[in-house]
Structures are given as C-alpha cells and as structure tokens.
> 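There's a structure below that I have some questions on.
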Protein chains: 2
Amino acid sequence: MEMARSHELVEGDTLRRDFGWALGVVFRAYLKAANEATGTLPGGPRGHQVLEASTRRPPVSQSVIAQEIGIDRTVMTYLLDDLEREGLLTRRPDPADRRSRQVVATDKGVERLEELRALILRAQDFVLQELDEVDRNSLRCLMQRSALRLDSLDPTAPCNVIQDIAAADQA
Amino acid sequence: MEMARSHELVEGDTLRRDFGWALGVVFRAYLKAANEATGTLPGGPRGHQVLEASTRRPPVSQSVIAQEIGIDRTVMTYLLDDLEREGLLTRRPDPADRRSRQVVATDKGVERLEELRALILRAQDFVLQELDEVDRNSLRCLMQRSALRLDSLDPTAPCNVIQDIAAADQA
DNA sequence: TATTGTTATACTCTATAACTATA
DNA sequence: TATAGTTATAGAGTATAACAATA
C-alpha cells in the first residue's frame, strides 16, 4: 500500500515548484484524457487537431498543418491517408500552386468533429479540474496568447537561451 | 518565401482556439528551449528534473521520481546510470526497505543544479515571452495548482471522459 | 535552385516481459 | 504474493534521405 502524494508543496520541494514540471504533468494528463476522448479516431488527439485545421477557410496545405501541430510532413502523409480512408477529409490540388494540396474536411468529417469537440472539452475539464471557471478561463487565455506568439516565430531559429545568459553576464 | 503566421486569430480558426493545441505548442517550445539550456547534461530537461528531485529531504526512491516526472522505471535506471557516472548523484539503499534505493545529489550535482536553474529560467522566459511579469506569475501559479492536483490522482485510473458524457446525457 | 508531397529506411524512444532481491 | 530495481527484447514512434513534380 502506497501513500498518496499530497496536493501541498513541502519545504525544499523544488521539482514541483518548477514550471517545466507542471507543464509536463498537465500535458501528459491532457494526452491521456484526449486519447480516451478520441477513441478510434486515426491519430487520436493529433487526428482531432488535423480535423480542426481542415475546416479552415481558405483551406491550408499539408505542410502548414504539420508545422502548426508540431509534426513532420512525412508523418502527416500517413495521418492524412488514414483520415481520408475513413472519409473524414479530402486532399485536393491547390489551384494556385500545383505542388501543394489543400486539406478539406468532408461533411462526415465536420459531423465527426462536432462530436469530438464535446468529448475534447471533457478532457480539458479533467485536466483543469482543480480550477474554478474563472481560473480556467484565465489559464486558457494566457496559454493561448503564449502559444500564438511562439507559433509566429521562426521554427528553425534557436531560442538563444545560452547567448542571452552570456550577454547578461557581460552587462 | 513564406508569409509569417499572424499572432491574431481569424474567423473560423478553430485549431488555434483549442486549449490542447496551445498546450502542445507551449510544451514543445519548452522542450526545445530546455534542451538548449541543459546542454550536455545526461537526459537533458529530464535529467534536470531528476536532479531537482534528488535534493529533496527526506530522499525519495527511483520509482517515486519516475512516476513524478512521467517516465517508466526502466528508463529511470539508464538515466540514473548516466547521471551517476557524471558524479552528479548517488544511489544508496533505503535503510527502511532494502529493495528500494534513495537518490541523493552529490555536492557536484548541487553545484551543477544551481547553474542549470539559471538557464532553465531563461528557457521559461523564452516560452512565456508574450506575457508581462504579472501574467507570467498567474500562468505559473495556475499551472502548478493544476499539476499538483493531477499528480495526486491515481495514475492507473482512467479519466472517465466517455463515462461522464454518458452520465450527463442521462441527466 | 528551392519546395511540396511521397516513400523507404534507419534510428530513437518506449513499452513489455523476465529475473533477482527483498517485503 | 507483491514490489523495487535491473536487464534484454520487441514495438511504436520519429527523423533522415532520396525521389518526382512543380515553382
């Protein structure tokens, strides 16, 4: 029989004061809950995000979606194959650039997405169960603002964590 | 030449309104920045979290740390081997239970941890660069409260995302 | 020459199972 | 019988490189 961990911090508990730790715990809990929520959907939570992206107007390309949800374009190929096989979306050539293919949800895909959203919201409530409605909205808003900023950065650029330290030491 | 993504949401941009999407973006950005910050440390950000845990008093066991940072105990073995080989921590038998081993940071490990913390804070600043100091503290606090709650739950239990829906539909 | 999407391959990471020693 | 830690193996997931079509 193991003792349950306390919700409270104890003196010297530096791990659980770390933001990176909290982020990891919340992220893994979301993955677990969202995996339950998405059930048999190809790609699970990742498939849900692709479906969300495939309803955007004007339509976006495979590589844009891949970059936005943080996967490689080679992985996107297989994921779209699976979702297309289920009839949830289609790939169609971009009239403006024939190398590119636009990802568009089918009617069936939109229907499935409606159902998924209700379940995904449940998963989010599970993750944020500690917070009341006001705090949940604050957290969602702050996370979204942070994410939108990060999403707009050059994905190939380094974060300059080391460089900043060196510069700060010189000053 | 590709157009940079806007920080602003557009009509129908349902993906970037999703909390799961924001969580993923922030988490991946943290991993990227923390990887830069931890440099040659075995295990990278994960190694940092083990070091944080290995300063706790009273000392904790390998399996407790593994559960807390979300990795398998079999992975923990290799990670501790690497950190111990660098002289950053030691494993010693728990006098109260000779099956268990306590993980304790060495003086060298504590020193290294001090340096790491400054760099890790830079990584966190990178991730939260969009927010001012007040909002950063709000976000950190809300995330920590959520994480402490989730950390106290039974890790083998399901999230009951589906069950809750069925119950709600009946009501 | 650079980019999109595809495919095949190689690699890394993770999960599973088996084993020892303790409880 | 159950648990902590270790080890070896298998599987899943990911990254790399090469290719065809297009810009």
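Below, chain A is the first sequence line, B the second, and so on; all start at residue 1. Just so we're clear, the structure is a prediction, and the values are computed from it rather than from any experiment.
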> Can you tell me how far P of C:dT6 sits from CG of A:D82, to the nearest Å?
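Computing the A:D82:CG to C:dT6:P distance gives 12 Å.
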> Which donor-acceptor pairs under 3.5 Å do side chains of residues 141-148 of chain A form with protein atoms, sequence neighbours excluded?
| residue | atom | partner | partner atom | Å |
| --- | --- | --- | --- | --- |
| A:Q144 | NE2 | B:R16 | O | 2.9 |
| A:R145 | NH1 | B:D135 | OD2 | 3.1 |
| A:S146 | OG | A:L142 | O | 3.0 |

> In whole angstrom, what separates B:M76's CE from C:dT16's C1'?
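Value for this atom pair: 18 Å.
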> Taking atom P of C:dT3 as reference, at what distance in whole Å does atom CD of A:Q67 sit?
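In whole Å, C:dT3 P lies 14 Å from A:Q67 CD.
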> Whether B:R46 contacts C:dC13 is assessed here as follows: a side-chain N or O lying under 4.0 Å from the phosphate OP1 or OP2. Is that the case?
no
> Between D:dA4 atom P and B:L79 atom CG, what is the distance in whole Å?
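Spelled out: CG on B:L79 to P on D:dA4 is 18 Å.
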> Please report the distance, rounded to the nearest Å, between CD in B:Q62 and P in C:dT20.
19 Å
> Once each nucleotide of nucleotides 15-23 of chain D is scored for protein heavy atoms under 4.0 Å, what B/S/- sequence comes out, 5' to 3'?
-BB---BBS
> Do NZ/NE/NH1/NH2 and the carboxylate oxygens of A:R91 and A:D81 come within less than 4.0 Å?
yes
> Can a salt bridge be assigned to the pair A:R136 and A:D125 using a cut-off of 4.0 Å between side-chain N and carboxylate O?
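Salt bridge between A:R136 and A:D125, a charged N being under 4.0 Å from a carboxylate O: yes.
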> Inspect the contact between A:E115 and A:R122 and indicate whether a charged nitrogen and a carboxylate oxygen are less than 4.0 angstrom apart.
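So A:R122 does not pair with A:E115 through a salt bridge.
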> When the distance from CG of B:L80 to C1' of D:dG5 is rounded to whole Å, what number comes out?
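B:L80 atom CG is separated from D:dG5 atom C1' by 10 Å.
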> Answer yes or no: is there an ion pair linking A:E84 with A:R92, defined by an N-O contact shorter than 4.0 Å?
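No, this pair does not count.
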> B:L31 has an atom CG; how far is it from atom P of D:dT14, in whole Å?
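Nearest whole value for this atom pair: 13 Å.
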> Nearest heavy-atom pair of B:D82 and B:P42: which atoms, and what distance?
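Minimum heavy-atom contact is CB-CB, 3.6 Å.
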> Do any side-chain nitrogens or oxygens of B:S100 fall under 4.0 Å of OP1 or OP2 in D:dG5?
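The answer is yes; a side-chain N or O of B:S100 sits under 4.0 Å from OP1 or OP2.
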> A:R28 CZ to C:dT14 P: how many Å, rounded?
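That distance rounds to 11 Å.
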> Taking B:V26 as the starting point, is it possible to reach A:L153 by hopping between hydrophobic residues whose side chains are less than 4.5 Å apart?
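Yes, one cluster joins them.
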> Does the side chain of A:T77 get closer than 4.0 angstrom to OP1 or OP2 of C:dT6 through an N or O atom?
yes
